[in-house]
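One structure is given here, and the rest of the page talks about it.
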Amino acid sequence: MPEGHTLHRLALAHDALFAGEGVRVSSPQGRFAPEAKRLDGRVFERADSWGKHLWHRYEGGAIVHVHLGLYGAFTDFEVSDGAPPPVGQVRMRIVGPRGGTDLRGPTACELVTEEEVDGVLARLGPDPLRPDSDPDDAWRRIARSRRPVGALLMDQAVMAGVGNVYRAEVLFRAGIDPHREGRDLARTDFDGIWADLVALMPIGVERGRMHVVRPEHDHGAPSYAEDRPRTYVYRRTGDPCRVCGTPVRSEVMEARNLYWCPTCQS
């Protein structure tokens, strides 16, 4: 599932493509057709995001809520020679003077009210990518919880936008055992995690890739995939830790794969 930096990056890209322009909206797949008809021809005002949620805002107060889930993705295309025919199950297509994009496979693509947006936001924790987020909201939930911090960081009601990669990597960088109960986490440790996310996630927005390995450790074994930068522990089960050489361990924690170094994070 895309992590929060991906949604912030999409919001910036969609602003660049469509903001201030009247756009054509359609649903080649048909599942968003009535809503697309209501939006077609309206001015796209702006896009914004919180955590893993994206909103498109149109003139007249119309708002589209998108959650990509596990399989959703936007694909951009040029329109200099006209929009190309849709390929596959395109839930929503947006075409403006500067380009177009197709949305396929989202968990949610729905027309919502401002009150419904507020309802979603009320269920989300602070987003490290948003300067208006209050980390104290996350700290209060963590400090009173018996759940392991490795699970709490993945809970979108605690902290929005953090996924499996950032969870594994910031805990490694902080030297914190992911099994430690939230109530046993020191405030200084939490502040360090938050500050690290605030520093790392904008790099993901800018580059479209999560860069989490410090320069002095960015060598040796390649990444888990050819098109990804190196990680410390994520998807490196059994490989030597880049810092101490101990084999990286993994297990399932609350239905998600967890990775950590038992020495560096003891």
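The CG atom of D189 sits 11.0 Å away from atom CG of D184, with the distance rounded to the nearest 0.5 Å. Rounded to the nearest 0.5 Å, atoms OG (S223) and CZ (R235) are 8.5 Å apart. The CZ atom of R147 sits 9.5 Å away from the CE atom of M253 when rounded to the nearest 0.5 Å. Taking CE of M201 as the start and CG of D196 as the end, the distance is 11.5 Å to the nearest 0.5 Å. The structure places OG of S26 at 10.5 Å from CZ of F32, a figure rounded to the nearest 0.5 Å. Between the CH2 atom in W194 and the CG atom in D136 there is a gap of 9.5 Å [rounded to 0.5 Å].
A donor-acceptor contact shorter than 3.5 Å links the side chain of R230 to the backbone of A221. The backbone N or O of G163 sits less than 3.5 Å from a side-chain atom of E3, completing a donor-acceptor pair. Proximity of a side-chain donor or acceptor of R38 to a complementary backbone N or O of P34 within less than 3.5 Å is not detected. The main-chain N or O of H219 is found under 3.5 Å from a side-chain atom of R242 such that the two form a donor-acceptor pair. With hydrogens and angles ignored, the 3.5 Å screen pairs no side-chain donor or acceptor of S250 with any backbone N or O of L258. Put simply, the side chain of S266 gets close to the backbone of T263: a donor and an acceptor are under 3.5 Å apart. One N or O on the side chain of Q265 and one on the backbone of C261 form a donor-acceptor pair closer than 3.5 Å. D218 places no side-chain N or O within donor-acceptor distance of the main-chain N or O of V213, the cut-off being under 3.5 Å. In terms of modelled atom types and a separation under 3.5 Å, the side chain of Q156 and the main chain of G161 share a donor-acceptor contact. Proximity of a side-chain donor or acceptor of N164 to a complementary backbone N or O of N257 within less than 3.5 Å is detected.
Each of V43, V64, I63 was compared with Y58 under the side-chain contact (heavy atoms from CB on, under 4.5 Å) criterion, and only V64 meets it.
M154 and L7 fall into different hydrophobic clusters, where Ile, Leu, Val, Met, Phe, Trp and Tyr side chains are chained together by heavy-atom contacts under 4.5 Å. Follow the hydrophobic side-chain contacts under 4.5 Å out from V248 and you reach V170 in the same cluster. Residues L10 and L39 share a single hydrophobic cluster, defined by chaining ILVMFWY side chains whose heavy atoms lie under 4.5 Å apart. If you chain together hydrophobic residues whose side chains sit under 4.5 Å apart, L197 and V233 fall into the same group. Linking ILVMFWY side-chain heavy atoms closer than 4.5 Å, directly or via other members, places Y234 and V243 in a single hydrophobic cluster.
Side-chain contact between V95 and F77 is present, with at least one heavy-atom pair separated by less than 4.5 Å. You'll find the side chain of P202 reaches within 4.5 Å of the side chain of L129, heavy atoms only. Looking at heavy atoms from C-beta onward, V112 lies in side-chain contact with V117 at the 4.5 angstrom threshold. At least one side-chain heavy atom of V25 sits under 4.5 Å from a side-chain heavy atom of M92.
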>> Please determine whether salt bridge (charged side-chain N to carboxylate O under 4.0 Å, His left out) holds for the pair D76 and R98, giving the CA-CA distance in whole Å, both sets of side-chain angles, and the decisive distance to 0.1 Å.
In response: CA-CA 11 Å; D76 295 346; R98 298 188 290 267; over 6 Å; no

>> Quick one, R256 with R167, criterion side-chain contact (heavy atoms from CB on, under 4.5 Å). Give me CA distance, side-chain angles, the key distance, then yes/no.
In response: CA-CA 11 Å; R256 297 298 300 273; R167 180 263 299 267; 4.0 Å; yes

> Should H56 and F18 be marked as a ring pair (Phe, Tyr, Trp, His ring centres under 6.0 Å) after you check the CA-CA gap, both sets of side-chain angles, and the distance that decides it?
Replying inline: CA-CA 10 Å; H56 289 166; F18 307 122; 7.3 Å; no

> Please walk me through it: do D155 and R141 pass salt bridge (charged side-chain N to carboxylate O under 4.0 Å, His left out)?
Replying inline: CA-CA 10 Å; D155 187 338; R141 288 178 178 267; over 6 Å; no

>> Please evaluate residues Y166 and H5 with respect to the criterion side-chain contact (heavy atoms from CB on, under 4.5 Å), reporting the C-alpha separation (whole Å), side-chain torsions for both, the decisive distance (0.1 Å), and the verdict.
In response: CA-CA 10 Å; Y166 282 124; H5 72 284; 3.6 Å; yes

> What's the verdict on salt bridge (charged side-chain N to carboxylate O under 4.0 Å, His left out) for D15 and R46, showing C-alpha distance, side-chain angles and the deciding distance?
Replying inline: CA-CA 6 Å; D15 270 351; R46 63 187 175 91; over 6 Å; no

>> Go through it in stages, so that I can follow the logic: the residues are L103 and C109, the test is side-chain contact (heavy atoms from CB on, under 4.5 Å), and I'd like the CA-CA distance, side-chain angles, deciding distance and then a yes or no.
In response: CA-CA 9 Å; L103 172 63; C109 176; 3.9 Å; yes

> When you look at R173 and Y232, which way does the side-chain contact (heavy atoms from CB on, under 4.5 Å) test go after all the steps?
Replying inline: CA-CA 8 Å; R173 286 166 59 99; Y232 281 110; 3.8 Å; yes

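Annotation for R249: atom CZ does not count as buried by contact number, only 12 or fewer foreign heavy atoms lying within 6.0 Å. Heavy atoms of other residues, nucleotides or ligands lying less than 6.0 angstrom from CZ of R146 number 12 at most. Surrounding CD of E116 are more than 12 heavy atoms belonging to other residues, nucleotides or ligands, all under 6.0 Å away. When the shell of 6.0 Å around CZ of R31 is examined, it contains 12 or fewer heavy atoms from other residues, nucleotides or ligands. Surrounding CZ of R24 are at most 12 heavy atoms belonging to other residues, nucleotides or ligands under 6.0 Å away. In D227, the CG atom is crowded: over 12 heavy atoms of neighbouring residues, nucleotides or ligands sit closer than 6.0 Å.
Residues D127 and G51 come closest through the heavy atom pair OD2-N, 2.7 Å. The minimum heavy-atom distance linking Y259 with R236 is given by the pair CD2-N, 4.1 Å. Scanning all heavy atoms of the two residues, the minimum distance from V87 to V90 falls at O-CG2, 3.6 Å. Across G150 and L171, no two heavy atoms sit closer than the pair CA-CD1, 3.9 Å. Between F74 and L54, the shortest heavy-atom contact is CE1-CD2, 3.8 Å. Minimum interatomic distance between Y224 and T231 (heavy atoms only, all atoms of both residues): CE2-CG2, 3.8 Å.
Ring-plane geometry between H67 and H53 is classed as perpendicular, the angle between the planes exceeding 60 degrees on a 0 to 90 degree scale with a lower cut at 30.
No hydrogens or angles considered: a donor-acceptor pair under 3.5 Å links the side chains of R104 and T75.
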